[in-house]
Novice: 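Starting off with a structure, shown below.
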Amino acid sequence: MAPEPIHPIRVGHIDDVQELRKSKPSIIPERFVRDMTERPTLATPMPCSTDIPTINFSKLVKGTKDEIKTEISQLAHASENWGFFQVVNHGIDLSILESIEKVAKEFFILPLEEKKKYALAPGTVQGYGQAFVLSEDQKLDWCNMFALGVVPNFIRSPMLWPTNPENFSESVEVYSTEVRKLCQNLLKYIAMSLGLNGDVFENMFGEAVQALRMNYYPPCPRPDLVLGLSPHSDGSALTVLQQGKGNSVGLQILKDDRWVPVKPIPNALVINIGDTIEVLTNGKYKSVEHRAVTHKEKDRLSIVTFYAPSYEIEVGPMAELVDENNPCKYRRYNHGEYSKHYVTNKLQGKKTLEFARIRTKSQTT
Ligand SMILES: O=C(O)CCC(=O)C(=O)O
Ligand SMILES: [Fe+2]
């Protein structure tokens with residue numbers, strides 16, 4: 001069962017950030033202004049040796065034995081220490097990446113009245129607007145989202161789709177099919193990097209759920225005060241993120257208590273480990289906290305695919321990853337319940353995963 005909206009929720013007035021931007025405010029509305037501790041530290045220079053790892057996907061698929069071995073150990077290192085990596089030579093045709101970016105842009109430049117036809121209901125994550133807003137006093141992100149389910153419930157009805165409906169629908173379908181294959185392949189190599197059978201996740205997940213979210217961050221006159229997207233980890237198994245061509249750098253990941261920017265590599269895709277893989281691997285592979293920041297003059301688009309087990313699947317640490325030295329850190333739970341928990345809570349770092357974490361005696365006292 002897909003997560004149902006919870007009612008009633010009072011979220012108060014939510015300004016549309018694109019409309020706000022048009023009015024060129026000299027003062028940012030209070031609901032967007034972050035508390036001191038949450039503000040992006042724009043002035044802190046980042047050490048340059050902290051680029052996230054890169055995986056050469058073509059070497060995994062058709063490299064020599066040695067190349068495959070090296071790439072798999074890179075993948076293990078990235079998943080264990082970073083929770084993030086960029087995939088180059090992923091095999092998805094450039095025209096497919098360009099097409100999804102084009103339809104996403106076409107959507108966001110529509111008049112607000114048009115976009116509002118797809119407005120998301122409070123407490124749900126599908127549609128246009130701001131997801132994860134669950135109370136009137138919650139701070140808002142400097143972002144507009146348009147999110148839709150792809151598997152199992154992609155509705156291919158031209159009536160329902162914006163702009164050029166045929167193009168939109170077709171681009172989403174073609175793109176999502178390619179990204180699905182990439183996720184399945186990456187999960188195979190991730191399993192192998194753990195010394196498990198390549199098909200272990202595929203067999204476990206049933207008909208995997210896939211969702212697509214387009215995030216649009218308009219320029220912000222005070223990027224030092226706001227966040228594009230609140231810190232969070234993803235509730236998925238894997239996330240695939242495409243950054244708009246030539247956009248500003250906006251994605252940051254928390255590494256050793258520092259926010260490290262993910263510098264876009266042209267045509268690469270950013271992959272991150274989601275909460276589900278963290279639980280299945282008993283914490284060996286990490287779903288790492290990340291956020292988006294804004295830019296004073298430049299806008300930014302990200303196109304994000306979440307790939308997760310079917311809602312009825314039960315998830316818990318795999319036996320192979322639990323032993324005396326690595327005691328079980330998470331309880332077993334139903335993935336649909338976790339999804340519901342995820343979408344009905346605000347984004348708050350890794351807090352959502354507390355849902356599953358087993359507390360040791362020293363943590364509870
Ligand atoms: O826009 C970005 O770079 C971050 C997006 C993201 O983390 C998400 O949609 O879950
Ligand atoms: Fe995310």
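Please read all numbers here as calculations on a predicted model, not as lab measurements. Note that the numbering runs from 1 along the sequence shown for the chain. For the numbers below, each heavy atom of this structure counts, side chains included, while hydrogens, waters and symmetry mates do not. Whatever order the structure lists them in is the order used to number ligands and atoms, beginning at 1.
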Novice: Assess Arg291 for proximity to ligand 1: is some non-hydrogen atom of it under 4.0 Å away?
Specialist: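 False for this residue.
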Novice: Indicate, as side chain, backbone, both or neither, the part of Gln243 found under 4.0 angstrom from ligand 1 when only non-hydrogen atoms are considered.
Specialist: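 The answer is neither.
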Novice: Among all the protein's non-hydrogen atoms, which is closest to atom 9 (O) of ligand 1, and how far away is it?
Specialist: Arg213 NH2, 2.9 Å
Novice: Quickly, which of Tyr217, Tyr128, Tyr216 forms a side-chain hydrogen bond (donor to acceptor under 3.5 Å, both in side chains) with Asn144? Name it, please.
Specialist: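 Option passing the side-chain hydrogen bond (donor to acceptor under 3.5 Å, both in side chains) with Asn144: Tyr128.
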Novice: Are the side chain of Arg213 and the backbone of Gln126 linked by a donor-acceptor contact shorter than 3.5 Å?
Specialist: no
Novice: Which label fits Tyr189 and Phe57: parallel for a plane angle under 30°, tilted from 30 to 60°, or perpendicular past 60°?
Specialist: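 Perpendicular: the ring planes of Tyr189 and Phe57 meet at over 60°.
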Novice: So which atom in Val209 and which in Tyr311 form the shortest heavy-atom distance, rounded to 0.1 Å?
Specialist: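 Distance-wise, the nearest heavy atoms are CG1-OH, 3.7 Å.
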Novice: Hey, which protein N/O/S atoms does the Fe ion (ligand 2) have under 2.8 Å?
Specialist: His232 NE2, Asp234 OD1, His290 NE2
Novice: Quick one: closest heavy-atom pair of Pro152 and Glu207, and the distance?
Specialist: CB-OE1, 3.9 Å
Novice: Tyr217 heavy atoms, cut-off 4.0 Å: which ligand 1 atoms fall inside?
Specialist: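 Selected atoms, number and element: 1 (O), 2 (C), 4 (C), 5 (C).
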Novice: Between Glu278 and Lys350, does any NZ, NE, NH1 or NH2 come within less than 4.0 Å of an OD or OE carboxylate oxygen?
Specialist: yes
Novice: Heavy-atom distance under 4.5 Å between the side chains of His295 and Pro219, does that happen here?
Specialist: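 No, side chains not in contact.
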Novice: With heavy atoms under 4.0 Å as the rule, classify the contact between Val262 and ligand 1 as side chain, backbone, both or neither.
Specialist: neither
Novice: I need the atoms of ligand 1 closer than 4.0 Å to a non-hydrogen atom of Leu251, numbered in the order shown.
Specialist: 3 (O), 4 (C)
Novice: Return the closest protein heavy atom for atom 3 (O) of ligand 1 as residue, atom name and distance.
Specialist: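 Result for atom 3 (O) of ligand 1: Arg300 NH2, 2.8 Å.
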Novice: Starting from Val61, can I reach Leu187 by hopping between I/L/V/M/F/W/Y residues whose side chains sit under 4.5 Å apart?
Specialist: yes
Novice: Run the numbers for me: atoms of ligand 1, each under 4.0 Å from some heavy atom of Leu241, listed by number.
Specialist: 2 (C), 3 (O), 4 (C), 5 (C)
Novice: Side chain, backbone, both or neither: which part of Thr239 comes within less than 4.0 Å of ligand 1 when only heavy atoms are counted?
Specialist: neither
Novice: Test: salt bridge (charged side-chain N to carboxylate O under 4.0 Å, His left out). Region: residues 190-204. Which pairs qualify, not counting sequence neighbours?
Specialist: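 Checked against salt bridge (charged side-chain N to carboxylate O under 4.0 Å, His left out) - neighbours excluded - no pair reaches residues 190-204.
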Novice: What part of His290 sits under 4.0 Å from ligand 1 if we count only heavy atoms: the side chain, the backbone, both or neither?
Specialist: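 Side chain only; the backbone of His290 stays clear of ligand 1.
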Novice: Apply salt bridge (charged side-chain N to carboxylate O under 4.0 Å, His left out) to residues Arg34 and Asp141 and explain how you reach the verdict.
Specialist: CA-CA 9 Å; Arg34 296 285 167 158; Asp141 292 331; 2.5 Å; yes
Novice: Any idea which protein heavy atom is nearest atom 6 (C) of ligand 1, and the distance to it?
Specialist: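 Here the closest protein heavy atom is Leu229 CD2, 3.4 Å.
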Novice: Are there over 12 heavy-atom neighbours, none belonging to Lys139, within less than 6.0 Å of that residue's NZ?
Specialist: yes
